[in-house]
Amino acid sequence: RGVDPTPTPSGLLDSTFGFWGYESSVAMAADKLYRLEWTVVSDADPIGKGSRADATEVPAFRLRVNDSSLKGSGYVNVESINTESRIPTVANPETYVLYFRTPSVLADNTFIFSFDYLYVPVTNNDPSVALYLQGLIVTEYDDPLIER
């Protein structure tokens, strides 16, 4: 549930990074297009009722995919900079889509999925807000740019 950053000797809070990672056992196929749908929720209130943080205080996070050789990667950064952003709250989980193309050099490598927590003290982020990865769906398609 969130983090408890410790002040540095200068009294400033350190930036904090943490992640959940999972390497799948499914091998990538050559010249495929993968659609990754990440669903994330937080315990922040959309409008900050009572003592709950509002959506603009949800810590930044990153949804990331790598291949097992670390030669290919893709990611989406999500930052709660305003109320118009698609930020996950207690009542409104958000789904973020990332497409990942696998060139033939990545064939037979496996996926590494990561959910990164990024706390930066110069932002409006509230480090006590919890973020949860509710689900990840991976769908494989033929790459439309490859002639078959």
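Residues take their numbers from the sequence shown, with the count starting at 1.
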Quick one: list whatever passes side chain to side chain donor-acceptor pair (under 3.5 Å) with [X], sequence neighbours left out.
X: Glu23; value: Thr110
X: Tyr75; value: none
X: Ser24; value: none
X: Ser73; value: none

For the student: nearest non-hydrogen atoms of [X] and [Y], plus distance:
X: Ala55; Y: Ile87; result: O-CG2, 3.4 Å
X: Asn109; Y: Ser68; result: CB-OG, 3.3 Å
X: Leu131; Y: Pro59; result: CD1-O, 3.8 Å
X: Tyr141; Y: Arg35; result: CE1-CB, 3.7 Å
X: Ser42; Y: Val58; result: OG-CG2, 3.7 Å
X: Val97; Y: Val76; result: O-CG2, 4.2 Å

*Drop me the distance from Arg62's CZ to Asp116's CG, to the nearest 0.5 angstrom.*
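So the gap between those two atoms works out to 4.5 Å.
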_If I take atom CG from residue Leu36 and atom CZ from residue Phe100, how far apart are they, to the nearest 0.5 angstrom?_
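That separation rounds to 8.5 Å.
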*asked:* For Asp67 and Ser69, which I'm curious about, is there any donor-acceptor pair between the side chains at under 3.5 Å?
replied: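 Checked: Asp67/Ser69 side chains pair up, N/O donor to acceptor below 3.5 Å.
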*What residues form a salt bridge (charged side-chain N to carboxylate O under 4.0 Å, His left out) with Arg101, not counting sequence neighbours?*
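Applying salt bridge (charged side-chain N to carboxylate O under 4.0 Å, His left out) to Arg101 gives Asp31, Asp143.
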*Output yes when a side-chain donor or acceptor of Thr102 lies under 3.5 Å from a complementary backbone atom of Lys32, and no otherwise.*
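Here the side-chain-to-backbone pair exists.
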*Which is it for Asn77 and Leu118 under the side-chain contact (heavy atoms from CB on, under 4.5 Å) test, yes or no, and what are the steps along the way?*
CA-CA 10 Å; Asn77 267 355; Leu118 311 164; 4.2 Å; yes
*Does Leu145 sit in a hydrophobic cluster with other residues, and if so which ones, taking ILVMFWY side chains as linked at heavy-atom separations under 4.5 Å, directly or through other members?*
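Reading the cluster by chain and number, Leu145 sits alone, since nothing else belongs.
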*Using side-chain contact (heavy atoms from CB on, under 4.5 Å) as the criterion, list what pairs up with Tyr96, not counting sequence neighbours.*
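If we apply the side-chain contact (heavy atoms from CB on, under 4.5 Å) test to Tyr96, skipping adjacent residues, the hits are Val40, Phe61, Leu63, Val78, Arg86, Pro88, Glu94.
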*side-chain contact (heavy atoms from CB on, under 4.5 Å) partners for Leu70, two or more places apart*: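 In terms of side-chain contact (heavy atoms from CB on, under 4.5 Å), with neighbours along the sequence ignored, Leu70 is linked to Asn66, Ile112.
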*Taking only residues two or more places apart in sequence, or in another chain, which ones meet Tyr34 in a ring-ring contact (aromatic ring centres under 6.0 Å, His included)?*
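Expected list: Phe111.
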*Is Tyr22 reachable from Phe115 through a run of I, L, V, M, F, W or Y residues, each pair having side-chain heavy atoms under 4.5 Å apart?*
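In one cluster with Phe115: Tyr22, yes.
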